[in-house]
There are 4 protein chains.
Amino acid sequence: MADPSRRSSSKQAAILAAAASLVAASGYRAVTIEAVAAAAGVGKQTIYRWWPSKPALFIDVYDQLVAVGAPDRTQSAPRQVRAILRQVFGLYATTPAAAILAGLIADAQHDEAARHALIHGLIGGRGPVLTQPLAAARAQGRLPADFEVEWAAEMVVALIWKRVLSGGTLDDDFAERIIASVFAKVAP
Amino acid sequence: MADPSRRSSSKQAAILAAAASLVAASGYRAVTIEAVAAAAGVGKQTIYRWWPSKPALFIDVYDQLVAVGAPDRTQSAPRQVRAILRQVFGLYATTPAAAILAGLIADAQHDEAARHALIHGLIGGRGPVLTQPLAAARAQGRLPADFEVEWAAEMVVALIWKRVLSGGTLDDDFAERIIASVFAKVAP
Amino acid sequence: MADPSRRSSSKQAAILAAAASLVAASGYRAVTIEAVAAAAGVGKQTIYRWWPSKPALFIDVYDQLVAVGAPDRTQSAPRQVRAILRQVFGLYATTPAAAILAGLIADAQHDEAARHALIHGLIGGRGPVLTQPLAAARAQGRLPADFEVEWAAEMVVALIWKRVLSGGTLDDDFAERIIASVFAKVAP
Amino acid sequence: MADPSRRSSSKQAAILAAAASLVAASGYRAVTIEAVAAAAGVGKQTIYRWWPSKPALFIDVYDQLVAVGAPDRTQSAPRQVRAILRQVFGLYATTPAAAILAGLIADAQHDEAARHALIHGLIGGRGPVLTQPLAAARAQGRLPADFEVEWAAEMVVALIWKRVLSGGTLDDDFAERIIASVFAKVAP
DNA sequence: TCGTAATCGAGACGGTACGTCCCGTCTTTTC
DNA sequence: GAAAAGACGGGACGTACCGTCTCGATTACGA
C-alpha cells in the first residue's frame, strides 16, 4: 500500500464498499479489479495505485468489515471466548467477510504477498483479541499455569477456517464445541 | 467422463506422474493443464477427456499419493490416531500432497465441482480412516460412550488444514498436540 | 484412392449418400468426416482407407450427383450450350452439388491434392462436355474458324463459379446471358 | 468493434503489415491469428478487439494492398478497362493480394460475415471503379444505350476470380481476352 | 463345428488453432 | 494535471476437428 495520507478517503471508501458489495453479490473469485473500479466509479489504475493486488485490497475490505471489540475482561475465559466467537459469527452471517476470508486463504496459496499479509495482518493482527484475554486469565490464576494460549488460539482459528472453507455452519452449537474442546482440561 | 474401460492406463499413469512432479517443482497454481499434457507426452484433450477440470485431475493425483493404510486396531485409540497422523505427515513431507491439498482447498472456493469432490472425495472418502477406529473403540468401551467421533475427526482435519494452508510445520509435536486436544477428556 | 475393387460397394454408396445428405443439411464446411462415418454407420478409418481427405471424398460425391449427358449434336452450338447449362443448373437446384463445388474450390486453395483433383478431375474431366460440341461445330463450319473454344469454356466456367461462390442465382436468364456473351461475335 | 477512435494506428499498421507478410511467406490458410499477433509484436486480443475474425482482418489487408485509382475518363471505355486490369494484375503480381482474395472467397463459403463483407466490401466497394467509367461512357454515347454495365462487371470479376482461384496466369493476353469478350458487340 | 484370422465399428490418441477471459501495465482523453 | 476509461502484451483456458492408432466384437473361412 502507498502512503495512505495521499488517498482520497471518499474514493477509498467507495472502493472498499464497492468491493464488499460485489463479493456479497457474486463471491470473491468472480470479482475482478475492473468490476470494483467500475462499481466505485473509479479508474482501474486508482485501485492499483493504492493496493498492489486483489488480496491486498480485500484484506482492507475484511479489516473494515470485521472490527472485533475486546471482550469483557471481568468474565471467565470461556465466556470471553464465547463473546468473541458470537461477535465474529454474527459478522460472518451479515457481511461477506467469510467469503472474503476464504478467498484470501485461497489466494495466499499462490500469492506470497497475500500469504504474508494474511498471516501477519489478519492472524497476527487479530491474534491478540484471543490470546490477550487468555494470557491475562492465566496470569490471574483463572486458568491453569500450563494452559497453552497459542495452541488454544490455533485451535480456534483452525476450526473456524475449516468451516469457512468447507461451507459449514457457524452457529452457537459450533461455538460451544470449540469452547468445550479448548477448555476441555480446565472445566471437567 | 467417457467409458473408463477405454482409458489407456499407461497414459493415465503418465499424466498423474507428470502432474505430481510439476507440482513438486513449481507449486499447484503454476501448473497448467497444458504443461501437464506436455510433460506427460499427451495431448491436452486426453486430459480433458477424462478429467473435467484441474481440481478433478489433482484429486486423483492426491489419491494416488496419499494412500493411508488402516491402523492397528488392537492398539488404543490415541495410538491409532498417532499412527495415522505420522503416516500422513510423512507423506506430506516426501510428496507434494500438502501443496495439492492446499491448492484443492483454494480451488474449492470458486469451483463447485472441486468443492463437492473435495468434501465427498477427500474428506468423505478418507473420513472413515479416522472415524472407524474411534467408533470401534467407543463401541468396545475403550472410549467413553459420549465421545464425539465426528467432532474429533473435524478437529483433526481442521488443525491439519490450517497448518497446511498457512505453511506451518507438520511434526511429531504437532501430532501430539492434536492427540492431546482430541482426547483431552479421556486420558487425564 | 485405394484399389476400388476392394471397396465394399454398399458401404461406399452409404458413405457417399451420407455425405451428400449431410452437406444438404448443414453445408460443406460443417460436415466432418466423423459425422459422415457416423451417418453411414461406418468407422472413420473406413473412409480414410479409401479417400485420403475430405475433398477427395467430396469429389466422388460431386461426380455421383452431377452426371451431365452429352447434348444433341445436331443442334446449333448455342442450343447445345443452353442444354448443358439447363441440365447443370437443374442439378444445382435439386442437389447439394453447388455447395460441394463451392466447398471444393475453397479447399483447393490450401489443399494441393484437392486443387489437383479439382482441376484435373472436375474441370479436366468435364471440360470436353463443353469443348467437344463447340470444337465439332467449328470443324463443321457452324462456328467461325477463329472461334476460341477453350476461351469460351473458360468464360462459362468462370461465370458459373462466380455465381456459385457468391451465392447468386442460376436461372434461365443467367444461362441466356452466358450464351449471349460467349457467342457475341457469332450471332449479331 | 469498440470505439475505433481509441485504436492505436501504429498497432493497426503493424498488424496489417505482419498479416500481409505472413501470407506472402506461407499462404493464406497457413496464417494463424496467433502468428500475426506474434509477428506484429501484439497480443492476440488486440487483433480480436478490432476484427471479429480472420476474414475481417484480411479484408482490411486486401484493402490496403489493392488501392485502385480511377482510370483516365477521357479515354475510350475499353482503354479504361485495360488500365484498370493492368493496375490490378500488377498488384496481384507484386503483393499477396491474389492469395488473400482466394482465401477470402474460400472463407466466405462457410463464414457468413466474410461472405457479406466480401460481397459488400470488396465487390460492392470496388464495383464502381469498373461500372462508373462504363456508365459514364454509355451516358455520353460512347457505348451503345443497351450496353449492360452490371453484366460487363460481373464478367470481369468472374474471369479474374476463376484465374485467381485456379492458379492461372494474369497477364496482358488475359486482359485483352477479357476486353474482347466484354466489348464483343461494341467494336466489331 | 470349430478355431483362427481378417475386417471393421468405435473412439482414444497427439496435435493445432481457435476465440475468450482476465491479469497488471501503459496510453489516451476528459474534466 | 489528475484520474476515468480502456487499450495493451501476455498467458491459460476449454473446445473443435484433424488424421492416425488401438481395441474388441463380428464376421468369414480353412481345418
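This is a predicted model, so every value here is computed, not measured. First the proteins, then the strands, lettered A, B, ... as listed; each starts at 1. What you see below is based on every heavy atom in this structure, not just the backbone, and it leaves out hydrogens, waters and symmetry mates.
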Take D:Tyr28 and D:Leu101 through the test side-chain contact (heavy atoms from CB on, under 4.5 Å) and record every step on the way to the result. CA-CA 9 Å; D:Tyr28 179 86; D:Leu101 177 59; over 6 Å; no
Answer yes or no: is there a side-chain heavy-atom contact under 4.5 Å between C:Leu165 and D:Leu165?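 C:Leu165 vs D:Leu165: side chains touch.
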Can you find a side chain N or O atom of [X] that sits less than 4.0 Å from OP1 or OP2 on [N]?
X       : N      : value
B:Arg7  : E:dA12 : no
B:Trp50 : E:dC13 : yes
A:Lys54 : E:dC22 : no
D:Thr46 : F:dA7  : no
C:Lys44 : F:dC18 : no

Do D:Gln45 side-chain and F:dC8 base share a donor-acceptor contact under 3.5 Å?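 Check fails, no donor-acceptor contact within cut-off.
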Can you tell me how far [atom2] of [N] sits from [atom1] of [X], to the nearest Å?
X        : N      : atom1 : atom2 : answer
A:Tyr48  : E:dC26 : OH    : P     : 13 Å
A:Ile47  : E:dC26 : CD1   : C1'   : 17 Å
B:Arg29  : F:dG11 : CZ    : P     : 15 Å
D:Arg49  : E:dC22 : CZ    : P     : 14 Å
D:His110 : F:dC17 : NE2   : P     : 12 Å
A:Trp51  : E:dT25 : CH2   : C1'   : 18 Å
D:Lys11  : E:dC26 : NZ    : P     : 12 Å

In residues 31-43 of chain B, what residues come within less than 4.0 Å of DNA chain F, judged by heavy atoms?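 Result for residues 31-43 of chain B: B:Thr32, B:Ile33, B:Glu34, sorted by number.
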To the nearest 0.5 Å, what is the distance between CD1 (A:Ile47) and CD (A:Gln45)?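 Answer for the CD1-CD pair, A:Ile47 versus A:Gln45, is 10.0 Å.
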Rounded distance [0.5 Å steps], CG in D:Leu65 versus CG in D:Asp60: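 If we round to the nearest 0.5 Å, D:Leu65:CG and D:Asp60:CG are 11.0 Å apart.
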Quick check on DNA chain E: between B:Gln12 and A:Ala30, whose nearest nucleotide comes earlier from the 5' end?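 The answer here is B:Gln12.
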Tell me the closest heavy-atom pair linking D:Ser53 and D:Asp111, and the distance in Å.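 Answer, listing the atom of D:Ser53 first, then D:Asp111: OG-OD2, 4.0 Å.
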Heavy-atom pair with the smallest gap, counting every atom of B:Phe58 and B:Val23: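 Residues B:Phe58 and B:Val23, closest heavy atoms: CE2-CG2, 3.2 Å.
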As a quick check of understanding, evaluate side-chain contact (heavy atoms from CB on, under 4.5 Å) for A:Trp50 and A:Leu57, giving each step before the final call. CA-CA 8 Å; A:Trp50 295 330; A:Leu57 168 63; over 6 Å; no
On DNA chain F, check which nucleotide each of C:Asp111 and B:Ser53 is closest to and give me the residue with the more 5' one.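 On the 5' side of the pair lies B:Ser53.
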